[in-house]
Structures are given as structure tokens and as C-alpha cells.
Amino acid sequence: MAYSLSRKAFQQELHGQPTDLFTLRGAGGLQVAVSNYGARLVQVAVPDGQGGLVDVALGYDSLQGYLDGQLSMGALIGRWAGRLRSGLLTLPDGAQRQLPTNSGPHHHHGGPKGSRFQVFAVDDVQADALTLSHTFRTEDDGVPGTLRLQLRVHITADNALHMAWTGEALDAPTLLNITGHAFFNLAGAGSTHGHTLQVPASRYVPLAADVCPSGLVQPVDATPFDLREARSVGAAVAEPSEQLSLAGGLDHYLVLDDHVWDEEGAVRTPPVSPVTPSQGLRLAALLSEPLTGRTMEVWSTAPGVQVYAGHGLKADPVRDLGRGAEQGVWLWQPGDGICLEPMEYPDAPNQPGFPVRWLAPGDVVQGAIVYRFTGLGWAGLGEGCDDTVHVIFK
């Protein structure tokens, strides 16, 4: 059975705001627990085909766990996901603004007061849906302009978890780049190196020596980032690569194939109109676990996806001691979870060849990420699998 969470363990006052835990249940059996601290996915539990549930997202069993543990665990990331080199933000007029830094010299995942550290307001709670909101302020993240964000988390009958947001610029030109940072493990425990991953992307963004984007888009051919056909995560991360060494592992942005590049490797036609969740959803990734037959489709409105294979999970008891199979504890090892983070081009405001959309006051932008779970239970087990799998992962 899925880990039983205590709502009380998530209820306290933080930054003068009440925190809580909300458990949503869909008609198909999917169960999702969400904390309004960082709009975090605390639990994603899928039916196991035998009347039980299996957690397929890493997490802690209390708010304190999230305060002490992996900073991005399960969180909604904004106002700008990814790194901004040297903490600089290039404005539309070419001037540069210094933002607070929190990853060496860089501004990372919204900075030290990004959305992952904020308590979201709870606007509406239903059996299968939750609506949260947060207002981004310049005094928190350094980004010019105030932006109000509303997030709706909804479970559909086909066992899909929808995260759809609307952002409205209120008083000055601003921008928005949202992603989700859940660590997934479709087996429920152990390494994800046996998972297979497929991403419809023939180009990727290589990193420079400072682990920020080089500004180019290059072919994935003959690289670990060629995931156009499903391959094991373990095989990808084991491939000799200067890029993998530079990042410490697989942590790179792949550009989905409906975008166009010029001969220099830069985006030729940046999008200029807002993308809505109802139009423009595209398949970003397909993650599968062969032994259980479980599959997770990731759909999004973003032009690409950051693939992070979890090498930052280092078996540090302070940061990496979380929930495990059958309500036990699990000291996470490198690769025990994988993040698939649909987002805008990394460092785009500072890269002339990358598309970025500045929002004028009154502009509204929408986006969405959908995680759809299929192959639930044991119907998808391949030939040669024996009954021991049924016992190990309940």
C-alpha cells in the first residue's frame, strides 16, 4: 500500500502563513498529496492492480523534511526555472539587472526566495482538484514586475495529473518560466537506472564551463542525449561524455522537435503568442519501468524539457532520508529518482538566440504539465518476469 501520510505533520505556520497537506483522489484510482509549501507534490500513488497503491514520487513524511531536505523536492519552480548566469537578467532594452544568487554565482530556480520556498494561498479544494495561488514580487526574487500566479492541480479519470497555471503581469514588464521538480521512480523504490526513457528531441543545449547554457543548440546524434528511441537511463548516464562530466551527470535541456533552428544552431522563429493548456500540449517524455510495466507520459506546453537523472541524491541522511517502500525509510542513492522538467529555454533572457517572452502589464500567460500514468498493475509485465516482483513492490 502507498505510504500513509499524516496531515498534521504538514500543518504549521511558516512565514506567517498556514501550511497544510491536501490529498486528491481521481476516479481511476490515482492519489496525489500536495503541500501548499512550494506547491509540492508530496505523494503520487498509482494503483498496483491488486487493490493497493504504489508511491512513484520521492518525498518526505513531514513539512520539516522538506525544510531540511532536498531544496527542490516535489516543488513548483519559478519565477524563472533553471540558471541565470552570474545572477544577471538582461532586460528588453539591453540593460542588465543583478538578481540574488544561490548556486555559486548564479540565480537558480527562482533564487533564494523563489516559489519553492513560498507558502501558496489555498483558493479552492475539491475531491480531485486543488487551486493554489502566489504573487511574485520584485523584493523577493529581484525580477522586475509583480506577477500573480494561479495553479490548478487536477486528477482526471484516466489517471493523469494535470498542473495548469495562469500568470498575470500586474504593474511592469516581467517574465515567467515555470516547471515541476518531482523526482519519479516508477518501481516505487531502488535505482531508476533500469527505467527506459524516450524524449522526442533531436537537439539539446550544451553547457559551458560554468554549467550554464553555451547559447547553442546542437544535434543529439552520438551523444548520451539521443533519447529519440527508448533507452535505459543507466546506459545514457554511463556513456563517456565531457558534457556529463561537466554537469556531474545527466542534467541537460532537450529541445522538442517542433522547433526550428538556423545553421548556427540558434532558434530561428521564437514564439510570440501565449500558449494555453488546451492547445499546444505536446509529448515531452515517456518514462517506463520494465519489471512492473508502469509508464509515465509527460505532456507540456513548454518548448523543451530538462532531464535530470538525480545524481544530486547522495545518500546524505540530512537531505536524502525519505519515504521508502511499504512505509519504511529510504536513504536515497544517486539515481534513485529522475526529474523531467518541462520549461522554457534555460538562461533565455541572456541568450540572444533563445526565445523569451516579456509580459507587459495586463498580459496573461498560461501553461501546463500533465503526468499520465499507464500500464498500471501487472498487465504490462514482460515475458520472463516471475512472481517475486509482485511481492517486492506492493
Side-chain angles (χ1 to χ4, degrees), residues 44 46 48-49 54 56-58 158-161 179-206 217-241 243-244 247 249-259 281-300 302-311 313 334-343 369-385 389 392-393:
V44 179
V46 301
D48 67 359
V54 175
V56 296
L58 275 57
D158 62 344
N159 286 319
L161 169 60
T179 193
H181 207 286
F183 285 81
F184 288 100
N185 185 314
L186 298 183
S191 175
T192 61
H193 283 185
H195 287 42
T196 63
L197 178 62
Q198 187 171 11
V199 179
S202 58
R203 301 274 181 136
Y204 81 105
V205 173
V217 178
Q218 295 182 343
V220 299
D221 302 82
T223 75
F225 318 112
D226 190 354
L227 300 168
R228 290 171 292 184
E229 295 185 6
R231 64 184 302 196
S232 78
V233 175
V237 300
E239 190 171 327
S241 165
Q243 280 289 309
L244 292 184
L250 176 55
D251 190 6
H252 289 73
Y253 185 81
L254 278 62
V255 181
L256 299 177
D257 276 340
D258 56 352
H259 282 68
L281 274 174
R282 59 187 72 107
L283 182 64
L286 187 64
L287 184 68
S288 298
E289 203 289 304
L291 291 179
T292 62
R294 295 189 191 106
T295 295
M296 181 180 74
E297 303 168 7
V298 183
W299 297 76
S300 87
V305 59
Q306 186 84 10
V307 178
Y308 170 43
H311 56 267
L313 303 170
D336 280 358
I338 184 168
C339 296
L340 300 169
E341 309 165 55
M343 55 188 274
I369 300 172
V370 176
Y371 306 102
R372 182 171 178 266
F373 298 92
T374 58
L376 307 178
W378 310 107
L381 287 173
E383 293 182 5
C385 296
V389 178
I392 295 172
F393 303 124

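Quick note: numbers below take in every heavy atom, side chains included, and nothing from hydrogens, waters or symmetry partners.
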Using side-chain contact (heavy atoms from CB on, under 4.5 Å) as the criterion, list what pairs up with P219, not counting sequence neighbours.
R203, D221
side-chain contact (heavy atoms from CB on, under 4.5 Å) partners for T192, two or more places apart
N185, H195, I338
Residues forming a side-chain contact (heavy atoms from CB on, under 4.5 Å) with P224, sequence neighbours excluded
E239, S241, L244
I'd like to check the side-chain contact (heavy atoms from CB on, under 4.5 Å) partners of A235; sequence neighbours left out, ordered by chain and number.
R231, S232
State which residues pass ring-ring contact (aromatic ring centres under 6.0 Å, His included) with Y253; sequence neighbours excluded, sorted by chain then number.
Y345
Note: L256 and A302 closest approach over all heavy atoms is CD1-O, 3.8 Å
Partners meeting side-chain hydrogen bond (donor to acceptor under 3.5 Å, both in side chains) with Q306 (sequence neighbours left out):
D251
Between H181 and Y308, what is the ring plane arrangement, given parallel below 30°, perpendicular above 60°, and tilted in between?
tilted
Got a sec, which residues hit side-chain hydrogen bond (donor to acceptor under 3.5 Å, both in side chains) with H252, two or more places apart in sequence or on another chain?
Q243
Search all heavy atoms of A309 against all heavy atoms of V237 and return the closest pair with its distance.
CB-CG1, 3.9 Å
Under the side-chain hydrogen bond (donor to acceptor under 3.5 Å, both in side chains) rule, collect the residues that match up with S288, sequence neighbours excluded.
T295
Looking only at heavy atoms, the pair that brings M296 and L186 closest together is N-CD1, 3.9 Å
